[in-house]
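Notes for the one structure printed next.
Here, residue 1 is the first one in the sequence, and each next residue gets the next number.
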Amino acid sequence: MTIGNIPGYYPNYDSYTNPIRPSARPADDSIDPNAVSPTEKADEHSTDPDKIKKPGKRSSPEDCETCDNRKYQDGSDEGNVSFKSASHISPESAGAKVRAHEGEHVSNAYKKAAQKDGKVVNASVSIHTSICPECGRTYVSGGVTHTQIKYANEDNPYTKNQKQLDAAKFKGANIDYAA
(Lines give C-alpha, C1' and ligand atoms only; values in the text may rest on other atoms or scores of the structure.)
Protein backbone atom coordinates (compact mmCIF):
# COMPACT_ATOMS: atom_id res chain seq x y z
CA MET A 1 0.00 0.00 0.00
CA THR A 2 1.38 3.38 -0.95
CA ILE A 3 0.11 6.66 0.46
CA GLY A 4 1.74 9.77 -0.91
CA ASN A 5 4.63 7.79 -2.43
CA ILE A 6 5.57 6.30 0.95
CA PRO A 7 5.85 2.53 0.65
CA GLY A 8 3.86 0.30 2.99
CA TYR A 9 7.05 -1.09 4.54
CA TYR A 10 9.81 0.85 6.23
CA PRO A 11 13.55 0.19 6.31
CA ASN A 12 15.19 -1.05 9.44
CA TYR A 13 15.92 2.21 11.25
CA ASP A 14 17.94 0.31 13.84
CA SER A 15 20.73 0.01 11.25
CA TYR A 16 21.02 3.80 11.16
CA THR A 17 21.32 4.17 14.92
CA ASN A 18 23.38 1.03 15.62
CA PRO A 19 25.49 0.24 12.57
CA ILE A 20 27.13 -3.13 12.57
CA ARG A 21 30.82 -2.85 13.37
CA PRO A 22 33.08 -4.30 10.70
CA SER A 23 34.43 -6.86 13.16
CA ALA A 24 30.89 -8.10 13.91
CA ARG A 25 29.99 -8.72 10.27
CA PRO A 26 29.86 -12.34 9.14
CA ALA A 27 32.46 -13.61 6.75
CA ASP A 28 31.45 -13.82 3.10
CA ASP A 29 31.60 -17.60 3.13
CA SER A 30 28.98 -17.79 5.91
CA ILE A 31 26.32 -15.93 3.85
CA ASP A 32 23.65 -18.22 2.39
CA PRO A 33 23.64 -17.73 -1.41
CA ASN A 34 19.96 -18.81 -1.57
CA ALA A 35 18.81 -16.29 1.05
CA VAL A 36 16.22 -13.74 0.02
CA SER A 37 17.24 -10.13 0.46
CA PRO A 38 14.86 -7.74 2.29
CA THR A 39 14.12 -5.85 -0.95
CA GLU A 40 13.22 -9.09 -2.74
CA LYS A 41 11.05 -10.08 0.23
CA ALA A 42 9.21 -6.74 -0.01
CA ASP A 43 8.65 -7.26 -3.74
CA GLU A 44 7.14 -10.69 -3.01
CA HIS A 45 4.22 -9.16 -1.12
CA SER A 46 1.31 -7.90 -3.15
CA THR A 47 0.60 -4.18 -3.09
CA ASP A 48 -3.04 -4.79 -4.04
CA PRO A 49 -5.09 -4.27 -0.84
CA ASP A 50 -7.80 -6.62 -2.13
CA LYS A 51 -5.41 -9.58 -2.03
CA ILE A 52 -3.99 -9.06 1.46
CA LYS A 53 -5.65 -10.73 4.42
CA LYS A 54 -5.83 -8.31 7.35
CA PRO A 55 -4.81 -9.49 10.81
CA GLY A 56 -7.75 -10.85 12.81
CA LYS A 57 -9.99 -11.28 9.75
CA ARG A 58 -11.24 -14.53 8.26
CA SER A 59 -10.49 -13.75 4.61
CA SER A 60 -8.97 -11.28 2.21
CA PRO A 61 -11.30 -8.81 0.48
CA GLU A 62 -10.78 -10.72 -2.76
CA ASP A 63 -12.27 -13.92 -1.26
CA CYS A 64 -14.93 -12.35 1.01
CA GLU A 65 -18.33 -14.06 0.79
CA THR A 66 -20.03 -11.32 2.81
CA CYS A 67 -19.00 -8.67 0.26
CA ASP A 68 -20.01 -10.96 -2.62
CA ASN A 69 -23.50 -11.49 -1.15
CA ARG A 70 -24.22 -7.92 0.07
CA LYS A 71 -27.38 -6.42 -1.46
CA TYR A 72 -28.76 -2.89 -1.49
CA GLN A 73 -32.46 -1.94 -1.44
CA ASP A 74 -34.28 1.40 -1.29
CA GLY A 75 -36.62 1.87 1.66
CA SER A 76 -38.43 5.00 0.49
CA ASP A 77 -41.96 5.34 -0.86
CA GLU A 78 -40.81 6.87 -4.16
CA GLY A 79 -41.54 4.46 -6.97
CA ASN A 80 -39.32 5.93 -9.69
CA VAL A 81 -35.91 5.44 -8.08
CA SER A 82 -33.40 2.62 -8.47
CA PHE A 83 -32.92 -0.30 -6.06
CA LYS A 84 -36.61 -0.89 -5.33
CA SER A 85 -35.75 -4.59 -5.43
CA ALA A 86 -32.64 -5.84 -3.68
CA SER A 87 -29.60 -6.05 -5.93
CA HIS A 88 -25.86 -6.60 -5.52
CA ILE A 89 -23.31 -3.83 -6.03
CA SER A 90 -19.58 -4.49 -5.93
CA PRO A 91 -17.82 -2.71 -3.05
CA GLU A 92 -15.65 -0.79 -5.54
CA SER A 93 -18.63 0.80 -7.32
CA ALA A 94 -21.02 1.08 -4.35
CA GLY A 95 -20.01 4.66 -3.56
CA ALA A 96 -20.81 5.99 -7.02
CA LYS A 97 -24.07 4.06 -7.35
CA VAL A 98 -25.35 5.04 -3.89
CA ARG A 99 -24.53 8.72 -4.58
CA ALA A 100 -26.35 8.52 -7.92
CA HIS A 101 -29.35 6.88 -6.24
CA GLU A 102 -29.54 9.57 -3.55
CA GLY A 103 -29.25 12.15 -6.36
CA GLU A 104 -32.45 10.67 -7.81
CA HIS A 105 -34.23 11.50 -4.55
CA VAL A 106 -32.96 15.10 -4.70
CA SER A 107 -34.09 15.39 -8.32
CA ASN A 108 -37.54 14.08 -7.35
CA ALA A 109 -37.79 16.72 -4.62
CA TYR A 110 -37.12 19.52 -7.13
CA LYS A 111 -39.70 18.06 -9.56
CA LYS A 112 -42.29 17.76 -6.78
CA ALA A 113 -41.67 21.35 -5.67
CA ALA A 114 -41.99 22.67 -9.24
CA GLN A 115 -45.31 20.85 -9.81
CA LYS A 116 -46.98 22.33 -6.74
CA ASP A 117 -45.47 25.84 -6.85
CA GLY A 118 -43.04 25.11 -4.04
CA LYS A 119 -39.42 25.86 -3.34
CA VAL A 120 -36.73 23.44 -2.17
CA VAL A 121 -35.34 25.08 0.94
CA ASN A 122 -32.81 22.37 1.78
CA ALA A 123 -31.60 19.15 0.19
CA SER A 124 -28.81 17.18 1.86
CA VAL A 125 -27.39 13.73 1.26
CA SER A 126 -25.55 11.61 3.85
CA ILE A 127 -23.47 8.67 2.65
CA HIS A 128 -22.81 5.96 5.26
CA THR A 129 -19.81 3.65 5.39
CA SER A 130 -19.19 0.45 7.30
CA ILE A 131 -16.44 -2.10 7.76
CA CYS A 132 -16.97 -5.67 6.63
CA PRO A 133 -16.68 -8.02 9.63
CA GLU A 134 -15.22 -10.82 7.50
CA CYS A 135 -12.48 -9.10 5.50
CA GLY A 136 -12.12 -5.68 7.12
CA ARG A 137 -12.76 -3.68 3.94
CA THR A 138 -14.42 -0.26 4.28
CA TYR A 139 -17.43 0.00 1.98
CA VAL A 140 -20.37 2.34 1.35
CA SER A 141 -23.30 0.82 3.20
CA GLY A 142 -26.06 3.22 2.18
CA GLY A 143 -27.28 6.77 2.18
CA VAL A 144 -30.06 9.06 3.36
CA THR A 145 -31.53 12.11 1.63
CA HIS A 146 -33.24 14.87 3.60
CA THR A 147 -35.25 17.49 1.71
CA GLN A 148 -37.36 20.42 2.85
CA ILE A 149 -39.87 21.96 0.50
CA LYS A 150 -41.73 25.18 1.24
CA TYR A 151 -45.09 25.64 -0.43
CA ALA A 152 -46.92 28.94 -0.86
CA ASN A 153 -50.36 28.56 0.71
CA GLU A 154 -52.64 31.25 -0.75
CA ASP A 155 -55.71 30.01 1.16
CA ASN A 156 -54.11 30.48 4.56
CA PRO A 157 -55.50 33.64 6.26
CA TYR A 158 -52.11 34.38 7.80
CA THR A 159 -50.48 34.34 4.36
CA LYS A 160 -53.18 36.71 3.01
CA ASN A 161 -52.68 39.08 5.98
CA GLN A 162 -48.88 39.01 5.50
CA LYS A 163 -49.27 39.92 1.82
CA GLN A 164 -51.53 42.88 2.74
CA LEU A 165 -48.97 44.10 5.29
CA ASP A 166 -46.19 43.75 2.74
CA ALA A 167 -48.21 45.69 0.17
CA ALA A 168 -48.79 48.56 2.66
CA LYS A 169 -45.13 48.55 3.65
CA PHE A 170 -43.79 48.72 0.11
CA LYS A 171 -46.28 51.33 -1.24
CA GLY A 172 -44.33 54.40 -2.19
CA ALA A 173 -40.97 52.73 -1.56
CA ASN A 174 -40.01 53.14 -5.21
CA ILE A 175 -40.61 56.67 -6.49
CA ASP A 176 -39.61 57.84 -9.91
CA TYR A 177 -38.34 61.38 -9.27
CA ALA A 178 -37.71 61.97 -12.97
CA ALA A 179 -41.43 61.83 -13.85
Side-chain angles (χ1 to χ4, degrees), residues 1-10 41-170:
M1 175 171 90
T2 303
I3 300 173
N5 294 330
I6 299 173
Y9 61 92
Y10 297 98
K41 194 178 277 188
D43 291 339
E44 258 179 36
H45 296 293
S46 174
T47 58
D48 185 9
D50 286 345
K51 294 183 180 179
I52 299 172
K53 181 181 173 223
K54 295 181 181 173
K57 300 299 175 183
R58 289 184 295 222
S59 68
S60 69
E62 185 179 56
D63 303 325
C64 181
E65 289 183 33
T66 304
C67 290
D68 290 341
N69 296 327
R70 184 174 298 115
K71 296 189 182 228
Y72 293 79
Q73 184 171 10
D74 180 54
S76 71
D77 58 354
E78 294 183 72
N80 62 342
V81 293
S82 56
F83 301 111
K84 289 314 279 182
S85 61
S87 58
H88 172 73
I89 305 174
S90 70
E92 294 84 14
S93 63
K97 290 188 179 183
V98 168
R99 283 190 298 274
H101 169 81
E102 298 303 328
E104 292 174 10
H105 287 296
V106 172
S107 176
N108 286 343
Y110 277 96
K111 287 177 189 173
K112 183 179 175 184
Q115 289 173 352
K116 298 180 181 177
D117 196 29
K119 179 181 177 183
V120 175
V121 178
N122 183 23
S124 65
V125 174
S126 300
I127 304 295
H128 303 285
T129 59
S130 296
I131 297 175
C132 179
E134 184 178 342
C135 66
R137 178 190 327 202
T138 303
Y139 66 96
V140 173
S141 57
V144 177
T145 301
H146 296 284
T147 56
Q148 293 177 343
I149 303 173
K150 181 179 179 182
Y151 295 103
N153 189 353
E154 299 293 333
D155 298 331
N156 186 345
Y158 295 106
T159 304
K160 288 181 183 179
N161 189 26
Q162 186 65 42
K163 285 190 177 196
Q164 289 174 352
L165 290 172
D166 286 344
K169 182 170 62 174
F170 291 120

Practice item. Report yes if some heavy atom in the side chain of P157 is under 4.5 Å from a heavy atom in the side chain of K160; otherwise report no. Key: no

Review point. What's the spacing between N161 CG and D166 CG if we round to 0.5 Å?
Key: 9.5 Å

Practice item. Can you sort out the partners of H101 under ring pair (Phe, Tyr, Trp, His ring centres under 6.0 Å), two or more places apart, ordered by chain and number? Key: F83, H105

Check your understanding: Excluding sequence neighbours, so at least two apart, what forms side chain to side chain donor-acceptor pair (under 3.5 Å) with S124?
Key -> none

Point to revise | Nearest-0.5 Å distance that lies between atom OG in S82 and atom CD1 in I89 | key: 8.0 Å

Exercise for review: Flag yes if more than 12 heavy atoms outside N80 fall under 6.0 Å of its CG atom; otherwise flag no.
Suggested key: yes

Review point. Which pairs pass salt bridge (Lys or Arg N to Asp or Glu O under 4.0 Å) with one or both residues in residues 72-91, sequence neighbours excluded?
Key: D74-K84

Exercise for review: Any chance you could lay out the side-chain contact (heavy atoms from CB on, under 4.5 Å) test for S107 and E104, step after step, and finish with the verdict?
Suggested key: CA-CA 5 Å; S107 176; E104 292 174 10; 5.6 Å; no

Review point. If every non-hydrogen atom of R137 is compared with every non-hydrogen atom of E92, which pair is closest and at what distance?
Key: NH1-OE2, 3.0 Å

**Study point:** CZ-OG distance between R70 and S87, expressed to the nearest 0.5 angstrom
**Key:** 13.5 Å

Point to revise | Derivation and outcome, side-chain contact (heavy atoms from CB on, under 4.5 Å), residues V125 and R99 | key: CA-CA 8 Å; V125 174; R99 283 190 298 274; 5.9 Å; no

**Study point:** Listed partners of A100 passing side-chain contact (heavy atoms from CB on, under 4.5 Å), at least two apart
**Key:** none

**Study point:** Minimum heavy-atom distance between G118 and Y151, given as atom pair plus value
**Key:** CA-CD2, 3.7 Å

**Study point:** Pairwise distance NZ(K112) to OG1(T147) - rounded to 0.5 angstrom
**Key:** 7.5 Å

Review point. By salt bridge (charged side-chain N to carboxylate O under 4.0 Å, His left out), which residues pair with K111, not counting sequence neighbours?
Key: none

Check your understanding: Tell me, which pairs form a ring-ring contact (aromatic ring centres under 6.0 Å, His included) where one or both residues lie in residues 119-148, sequence neighbours left out?
Key -> none

Review point. Which distance, rounded to the nearest 0.5 Å, do you find between the CG of N69 and the NZ of K71?
Key: 7.5 Å

Revision key, fill the gap. d(Q115 CD, Y110 OH) to nearest 0.5 Å is 15.0 Å

**Study point:** Non-hydrogen atoms of S76 and V81 that approach each other most closely
**Key:** OG-CG2, 4.2 Å

Point to revise | Smallest separation among heavy atoms of V144 and E102, with atom names | key: C-OE1, 3.7 Å

Review point. Can you name the nearest heavy-atom pair linking A123 to V106, along with the distance?
Key: CB-CG1, 4.1 Å

